[in-house]
Protein chains: 2
Amino acid sequence: MSSGDLSVRARAFSVSSLIGSTHHSDDESSRNTDATKLQSFAYCPPTNKTDGEPTSIQNAAADLLCRELWLEFHALGTEMIITKAGRRMFPSLKVRLSGLEDDVLYIVYVDMETVDDKRHRYIYQSSKWVPGGPGDVPHQERHFLHPDGPQLGKFWNKQSCVAFDKLKLTNSRKPSQRDQIPLHSMHRYQPTLYIQPIPNDCREALSNCSEWWKTFCWKSSSAASFTFPETQFITVTAYQNQQITRLKIASNPFAKGFRDSNREPR
Amino acid sequence: MSSGDLSVRARAFSVSSLIGSTHHSDDESSRNTDATKLQSFAYCPPTNKTDGEPTSIQNAAADLLCRELWLEFHALGTEMIITKAGRRMFPSLKVRLSGLEDDVLYIVYVDMETVDDKRHRYIYQSSKWVPGGPGDVPHQERHFLHPDGPQLGKFWNKQSCVAFDKLKLTNSRKPSQRDQIPLHSMHRYQPTLYIQPIPNDCREALSNCSEWWKTFCWKSSSAASFTFPETQFITVTAYQNQQITRLKIASNPFAKGFRDSNREPR
DNA sequence: CAGTTAACACCTAGGTGCCAAAGT
DNA sequence: ACTTTGGCACCTAGGTGTTAACTG
């Protein structure tokens, strides 16, 4: 028990000394400063390509939440761990929806789209990622359906946060669980949000459903999609950039055990 | 810290002395003996009323899992706690499905049906429940949809356990969450399992859906229903029968902290 | 040698009955 | 007098990066 405490403290100390002197300090309060510096570098407005014409989707909008945190990671080159059992993203995708029509049913989901068809390598000396060989063929299914959907537009509009925190990334070919998205390691991905109305010809068949039953999923061509470039990431099985490791530890509650503040209580 | 330890142990001790001498011993190994005694008392075969005629449901069957445990509770008069935030059932409903057609989509759900329209009272002296005044008007929605569904029959058939352990019982009028079922306290309920095929006229509209999207819910008149009488229960906000409390502590992993064995490590 | 895996200590999140207090 | 509520200690379940061992 007490020996475990000591070893953790020793590890945390050695990590911070390995990283050496950077512009990051060890406490979380420094992160806002960094974010301010980086905002001009990485932000691009989300693209809204409404490729269908139904009126139920024209005014839809989505705002990325916790954008400052995403920008901090993006400036370093966001890495996401993938494991056989599936690993949550951190940060997780959280959005605020608006402009959906009150009485239309929608499903909301995320797709992980490939950015290029290349494998990537991390160069330790320059702290940079470089394209390597050709990429693996993308998996067929990389969707994660929001578990609350389908719901009426008024439901989605009034949610202050629509979170995809249960989503898991995996490197197993055929994920057994519904919450897992299969990806290739050392590849670059761009999460994309989809808001999709339920087609008219099936909505009437739902008319005798009670409120709790208004749940189904649909694949149609009329959907609004939103891309937030600052959420792009590279998949890894172990972190490459130690500054990424450091920022994850500083900001993910589940990694609190690895924070330096555990060494020095004040 | 250490004082907390002591108070818990003292409480566990006082509880067991309050219960006094019963046919139950304190360790879990005694439960099998009880189950054997009670099986002849409480078991009734499940009723299978297939009120629709589609061939996709005629051969459907459902077996209740952990039946011995249910019977132990049933013999004492099963009580389920309901809270404002929602409380899981223990035992939870777990079934094994078979006989579904491989390539037909089904949803599976549980409904909590009222057994009578009476309020009930527990008589401490006789350890029995008696009908009291008139019952409250039942809530409209008492369904819990299995989160895996809809899935093809071959999916359901090959599951060794279809569990409803995420289901929560609540006494709040309008549950905010999807996993909550609103019930009245001191009322008697009978869980009923439904297996429901997706109607033909909507299945074809699903044809261009990818595998991960075959999820939707439907209300139709053609469903098979299964009732397991040994899962009947009375809702309470605090346990009435101390033997029920005792059996819950002995068999629910989350209540391990209240077991007597915590006093006497061997 | 670069990439992956599994066991591990340390956390968060939340499911238990208990109990004193409040509600009706 | 009976029923409900909220805070509590204790537990399970599972999300973290670390580390050493393993893989090709």
Margin query: If you only use heavy atoms from C-beta on, which nucleotide in C:dG17, D:dT16, D:dT18 is closest to the side chain of A:Asn252?
Written below: D:dT16
Next item on the list: Please list residues of residues 128-138 of chain B whose heavy atoms come under 4.0 Å from any atom in DNA chain C, ordered by number; otherwise none.
Entry: none
Check: Would you say C:dG17 has OP1 or OP2 under 4.0 Å from some side-chain N or O of B:Arg87?
Finding: yes
Checklist line | Interatomic distance, B:Arg246 CZ vs C:dC18 P [rounded to whole Å] | finding: 12 Å
Next item on the list: Please determine, by modelled atom types, if A:Thr170 and A:Gln180 share a side-chain donor-acceptor pair under 3.5 angstrom.
Entry: no
Check: How is B:Lys166 classified with respect to the nucleic acid when contacts are heavy atoms under 4.0 Å: base, sugar-phosphate, or nothing?
Finding: nothing
Notebook entry, point to check: Only one of B:Thr114, B:Asp136, B:Thr235, B:Asn171 clears side chain to side chain contact (heavy atoms under 4.5 Å, CB included) with B:His184; which?
Noted result: B:Asp136
Notebook entry, point to check: Rounded to whole angstrom units, what separation is found between the CG atom of B:Asp165 and the C1' atom of C:dT16?
Noted result: 15 Å
Note to self: Quick check: A:Phe164 with A:His146 (ring centres under 6.0 Å apart)?
What the structure shows: yes
Note to self: Give me the atom names and distance for the closest heavy-atom approach of A:Glu141 to A:His143.
What the structure shows: OE1-CD2, 3.2 Å
Next item on the list: Answer with base, sugar-phosphate or nothing: what part of the nucleic acid does A:Tyr239 contact at a heavy-atom distance below 4.0 Å?
Entry: sugar-phosphate
Check: Roughly how many Å is it from CE in A:Met89 to P in D:dG17, rounded to a whole number?
Finding: 13 Å
Check: Taking it one step at a time, do A:Met112 and A:Met89 satisfy side chain to side chain contact (heavy atoms under 4.5 Å, CB included)?
Finding: CA-CA 12 Å; A:Met112 296 297 171; A:Met89 294 174 65; 3.6 Å; yes
Item checked: Length of the CD-C1' vector between A:Gln180 and D:dG15, whole Å -> 14 Å
Margin query: Hydrogens and angles aside, do A:Gln190 and A:Thr231 bring a side-chain donor and acceptor to less than 3.5 Å of each other?
Written below: yes
Next item on the list: In whole angstrom, give the distance that lies between atom CZ of A:Phe254 and atom C1' of D:dG14.
Entry: 8 Å
Check: Does NZ or CZ of B:Lys248 come closer than 6.0 Å to the centre of the six-membered ring of B:Phe254, within 45° of the ring's axis?
Finding: no
Next item on the list: Would you mind telling me which of C:dG17, D:dG17, D:dG15 lies closest to the side-chain atoms of A:Ala255?
Entry: D:dG17
Margin query: Rounding to an integer number of Å, can you tell me how far A:Leu169 CG sits from D:dG15 P?
Written below: 13 Å
Expected rows: protein N/O vs nucleotides 2-6 of chain D N/O, under 3.5 Å:
unit_1 : atom_1 : unit_2   : atom_2 : d
D:dT4  : OP1    : B:Ser185 : OG     : 3.3
D:dT4  : OP2    : B:Ser185 : OG     : 3.0
D:dT4  : OP2    : B:Thr237 : OG1    : 2.7
D:dT4  : O5'    : B:Thr237 : OG1    : 3.4
D:dT5  : OP2    : B:Asn171 : ND2    : 2.8
D:dG6  : OP1    : B:Lys84  : NZ     : 3.4

Next item on the list: Only one of B:Val110, B:Leu145, B:Asp179 passes side chain to side chain contact (heavy atoms under 4.5 Å, CB included) with B:Leu167; say which it is.
Entry: B:Val110
Note to self: When you measure from the side-chain N and O atoms of A:Lys256 to the phosphate of D:dG15, is any distance below 4.0 Å, counting only OP1 and OP2?
What the structure shows: no
Notebook entry, point to check: Less than 4.0 Å between a side-chain N and a carboxylate O, is that true for A:Asp111 and A:Arg142?
Noted result: yes
Item checked: Distance in angstrom units between A:Ile244 CD1 and D:dT16 P, rounded -> 15 Å
Next item on the list: Report the distance from atom OH of B:Tyr124 to atom P of D:dA1, rounded to the nearest whole Å.
Entry: 16 Å
